[in-house]
Amino acid sequence: MTICRFMIKYVFNRGYYGGGYDFMDDVIETWIAGNIVPVFANGNEGPSCGSLRSPADSRLPLVAVGATTIDDKISSFSSFGPSILGQIKPSMQNITVNLYVTSIQVI
């Protein structure tokens with residue numbers, strides 16, 4: 001039996017968008033080569049079909065995240081695909097409405 005290992009060093013998560021579907025591809029390719037998983041918000045122009053925004057609609061393998069309510073319904077603002085290239089997006093949905101988050105900084 002062969003066991004494959006996938007080593008993820010870091011996850012990079014950003015919520016900005018704009019600039020065309022490939023405007024960050026050079027940077028995303030560099031992250032992927034360094035075992036960094038790129039995670040981007042789908043955008044906040046939804047919830048209609050085709051409202052997905054870049055860089056979440058990149059042709060490269062990345063995680064595109066959409067927003068849901070506490071009741072597991074698509075948020076009124078959450079964008080979704082398909083992408084410009086026809087890919088199904090978001091890759092995942094997560095509760096983001098009325099969600100409180102704390103941040104811990106490790107030095």
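Predicted, not measured: the structure shown is a model, and the values here were computed from it.
Side-chain contact between N44 and S78: absent, with no pair of heavy atoms (C-beta onward) separated by less than 4.5 Å. Using a 4.5 Å heavy-atom threshold, the side chains of I88 and P82 count as separate. In this structure, the side chains of L62 and I28 come closer than 4.5 Å at one or more pairs of heavy atoms.
Across every non-hydrogen atom of A56 and K89, the tightest pair is O-NZ, 3.1 Å. Shortest non-hydrogen contact noted between D26 and T30 is O-OG1, 3.0 Å. Of all the heavy atoms in A64 and N42, the pair that sits closest is CB-OD1, 3.1 Å.
Between the CD atom of E45 and the CZ atom of F80 there is a distance of 13.0 Å, given to the nearest 0.5 Å. The distance from the CD1 atom of I74 to the OG atom of S76 is 11.0 Å, given to the nearest 0.5 Å. Taking CD1 from I32 and CD1 from I36, the interatomic distance works out to 10.0 Å, rounded to the nearest 0.5 Å. We find the CG-CD distance between L60 and Q87 to be 9.0 Å, quoted to the nearest 0.5 Å.
S51 places a side-chain N or O within donor-acceptor distance of the main-chain N or O of S48, the cut-off being under 3.5 Å. With T69 contributing its side chain and D71 its backbone, the two residues share a donor-acceptor pair below 3.5 Å.
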Kindly determine whether F40 and V63 satisfy side chain to side chain contact (heavy atoms under 4.5 Å, CB included), including the steps that lead there. CA-CA 6 Å; F40 293 99; V63 179; over 6 Å; no
Determine whether R59 and D25 satisfy the following criterion, salt bridge (Lys or Arg N to Asp or Glu O under 4.0 Å), listing intermediate values before the conclusion. CA-CA 8 Å; R59 63 179 172 75; D25 281 0; 3.5 Å; yes
